[in-house]
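All remarks here apply to the structure that follows.
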Amino acid sequence: MWNDVELLTSDDTSSGRLCIDSRQECGSALYQVDTLVKVSSSEKVRSNPNLYACNSCHGTILVADKTVVLFDQNCQSVLLQLQFDSDVDTVGLCQEGQFLVVGERNGNIHLNYVALKKTVLTKALVQRPVNDNEMTYKNLLIQEDKSLPGTYHMFLLVSDGFFQISNLHLEKIQIAIEKMDFGALKELQNPIKIAFFSTEERHTNGCQYAETAELANNIQLIIGGSGRSVLSKWEMDLVQKTLSISNDVDCSLLAGVKKSQTVDNLMFVLDDENVLTMWDVHSLVMVWCWPSLSIQDFLLTTEGDSASMAMQENANLKLIALTTQDNRLMRTLMVYSLPSMTLLYSLEVSDISSLVQTGISTDTIYLLEGIHEDQERSDGIVSAVVMRCLTDIALLL
């Protein structure tokens, strides 16, 4: 149980860096590496944790197995700490950080009101055994309805399709909670609609990742998976608020897709063989690939306020990649400039590491890393998890 949370202030950041200076670090850019948070277990750790984290202007969420911790954006305070019955697959914030959505591996979806630390709604969308090791929910995507502010749509990706949850009037739900109007709260649950869309005919071997992209002023859902199709694009009907498939890519070019990220009219795709490719998002045609890099995970960032200028000259678009070394005892965090793919910075990190998911307009890289504090253990099991932030020193001057 990863329940011991320690916030590391600026005074003890250096002591929390945990031998970061002894690792191989190189590149033309320089990054200041700080440790923000340390999470450890009150019980003996018998296996390495499943890690996930995301950061936004409304807060930072850290997941380690069954533990979920919500911090403020800069990890200076703990806003909420929860323990669940099964491992947590996915999390997300909405309504300006007032609500935390949690998807458990046993199939339960929880809507939590942060201010009161209360669960408002729990729904079992999928029935799964608690001890199942396969992720139930591959992705959680949350979109605010632009025509109805305070109303949200959620997409939950599972292996054979996705759930669309619509008519979540979270602004009204928040008001009802604050007024303790339980009658109104119950009535606001009635309009909520849950629909399931099967992808079995296209992603015959299952789905792995999904993202939303705004194309031609319309929300589209892009799904990556494997089988007959490796990519599919679903378009939302603006009136009916439902989705239908508009395009797909067969498996002739890629064995499978495990992640994608869209920037303007370009989509970066990571396949099952750890090769990164670039596609035109409208036509779903591959335009570039980098076969020499073996990438485990990646993020795209830019210092601008919008991604619309990202691929133009001097837009400072960067690729943050987590790669595996040959001996697999360490990973390497690498920062490249795009589109030239010039290596700016690299740092050795633990083999139990995960990139913290962030928005594209960010100047800071966040990393979750498992550390070995017990030198007597030789089984490779980590004893603690830390969250680090890497800031380009040029931006601090």
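The chain is numbered in sequence order, starting from 1. Atom set for the values below is all heavy atoms of this structure, side chains included, hydrogens, waters and symmetry mates excluded.
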Parallel, tilted or perpendicular, judged at 30° and 60°: which one describes the rings of Phe155 and Phe162? perpendicular
Same apolar cluster: Val249 and Trp234, side chain cutoff 4.5 Å: no
Examine distances only and state if a side-chain atom of Tyr209 and a backbone atom of Val257 form a donor-acceptor pair shorter than 3.5 Å. no
Indicate yes or no for a side-chain donor-acceptor contact from Ser350 to the backbone of Ile371 under 3.5 Å, with no hydrogens or angles considered. no
Below 4.5 Å, heavy atoms only, C-beta onward: do Ile142 and Leu168 meet side chain to side chain? no
Could you pull out the closest heavy-atom pair between Ser232 and Ile245, with the gap in Å? CB-CD1, 3.8 Å
Distance check, rounded to the nearest 0.5 Å: Glu96 atom CD versus Ser56 atom OG? 11.0 Å
Validation row: Arg46, Ile381 side chains within 4.5 angstrom (heavy atoms): no
Could you report the tightest heavy-atom contact between Phe298 and Lys259, atom names first, then the distance? O-NZ, 2.7 Å
Between CG of Leu333 and OG of Ser346, what distance do you get to the nearest 0.5 Å? 8.5 Å
Closest heavy-atom pair, Val101 versus Met154, reported as atoms and distance to 0.1 Å, is CG2-CE, 3.5 Å
Would you say Glu273 has more than 12 foreign heavy atoms packed within less than 6.0 Å of its CD? no
Atom of Glu211, atom of Ser260 and distance for their closest heavy-atom approach: OE2-OG, 2.9 Å
Parallel, tilted or perpendicular: ring planes of Phe84 versus His110, cut at 30 and 60 degrees: tilted
Non-hydrogen atoms of Met236 and Asn218 that approach each other most closely: O-ND2, 3.1 Å
Ile109 side chain reached by Phe163 side chain, heavy atoms, under 4.5 Å: no
Side-chain (Asp271) to main-chain (Ala255) donor-acceptor, under 3.5 angstrom: no
CG of Leu111 to CD of Gln189, rounded to nearest 0.5 Å, is 9.0 Å
Before giving the answer on side-chain contact (heavy atoms from CB on, under 4.5 Å), spell out for Trp2 and Val45 the whole-Å C-alpha distance, their side-chain angles and the decisive distance to 0.1 Å. CA-CA 9 Å; Trp2 299 89; Val45 180; 3.8 Å; yes
Quick one: do the Thr332 and Glu348 side chains pair a donor with an acceptor below 3.5 Å? no
Could you walk me through whether Val120 and Asn112 pass side-chain contact (heavy atoms from CB on, under 4.5 Å), step by step? CA-CA 6 Å; Val120 178; Asn112 303 277; over 6 Å; no
In Å and rounded to the nearest 0.5 Å, what is the CG to CD distance from Leu188 to Gln174? 12.0 Å
Connected via hydrophobic side-chain network under 4.5 Å: Leu80 and Val37: no
Is there a side-chain contact between Ile165 and Leu125 (heavy atoms, below 4.5 Å)? yes
Would you mind reporting whether Tyr336 and Leu344 have side-chain heavy atoms less than 4.5 Å apart? no
Do Lys172 side-chain atoms and Ala184 backbone N/O form a donor-acceptor pair below 3.5 Å? no
Please step through side-chain contact (heavy atoms from CB on, under 4.5 Å) for the pair Leu300 and Leu319, ending with a clear verdict. CA-CA 5 Å; Leu300 300 173; Leu319 168 70; 3.8 Å; yes
Is it true that, when you exclude Gln83 itself, more than 12 heavy atoms of the residues, nucleotides or ligands shown sit nearer than 6.0 Å to its CD? yes
In terms of side-chain heavy atoms, does Thr122 have a donor or acceptor partner in Asn108 at a distance below 3.5 Å? no
With a 4.5 Å heavy-atom cut-off, do Val88 and Tyr52 have their side chains touching? no
As a quick check of understanding, evaluate side-chain contact (heavy atoms from CB on, under 4.5 Å) for Leu367 and Leu355, giving each step before the final call. CA-CA 5 Å; Leu367 176 75; Leu355 290 175; 4.3 Å; yes
Could you check whether any side-chain N or O of Lys233 sits under 3.5 Å from a backbone N or O of His282, counting only pairs where one atom can act as donor and the other as acceptor? yes
Is any side-chain heavy atom of Cys94 closer than 4.5 Å to a side-chain heavy atom of Glu144? no
Applying a strict under-4.5 Å side-chain criterion to I, L, V, M, F, W and Y, I'd like to know whether Val63 and Val5 cluster together. no
I'd like to know if Met387 and Ile352 are part of one continuous hydrophobic network [Ile/Leu/Val/Met/Phe/Trp/Tyr, side-chain heavy atoms within less than 4.5 Å]. yes
To the closest 0.5 Å, what do you measure between CG (Leu221) and CG (Leu157)? 7.5 Å
Can Tyr113 and Glu178 be said to form a side-chain hydrogen bond (donor to acceptor under 3.5 Å, both in side chains), step by step? CA-CA 10 Å; Tyr113 184 51; Glu178 292 173 348; 3.0 Å; yes
Just by modelled atom types, is the Asn50 backbone N or O under 3.5 Å from a matching donor or acceptor in the Asp65 side chain? yes
Within one Ile-Leu-Val-Met-Phe-Trp-Tyr cluster: Tyr345 and Val349, side-chain cutoff 4.5 Å: yes
Leu121 versus Phe99: any side-chain heavy-atom pair under 4.5 Å? no
Using a strict cut-off of less than 4.0 Å between a Lys/Arg side-chain nitrogen and an Asp/Glu carboxylate oxygen, indicate whether Asp392 and Lys318 qualify as a salt bridge. yes
I need the Leu170 CG to Gln98 CD distance, nearest 0.5 Å. 10.5 Å
Taking Thr204 for the side chain and Arg228 for the main chain, is one N or O donor matched with an acceptor at less than 3.5 Å? yes
Which heavy atom of Ala64 sits nearest to which heavy atom of Pro49, and what is that distance? CB-CB, 4.4 Å
Determine yes or no for a side-chain-to-main-chain donor-acceptor pair under 3.5 angstrom, with Asn167 supplying the side chain and Lys193 the backbone. no
Any sub-3.5 Å donor-acceptor pair from Thr35's side-chain atoms to Arg388's backbone N or O? no
Asp89 bridged to Arg105 by N-O distance under 4.0 Å: yes
Are the side chain of Ser41 and the backbone of Met1 linked by a donor-acceptor contact shorter than 3.5 Å? yes
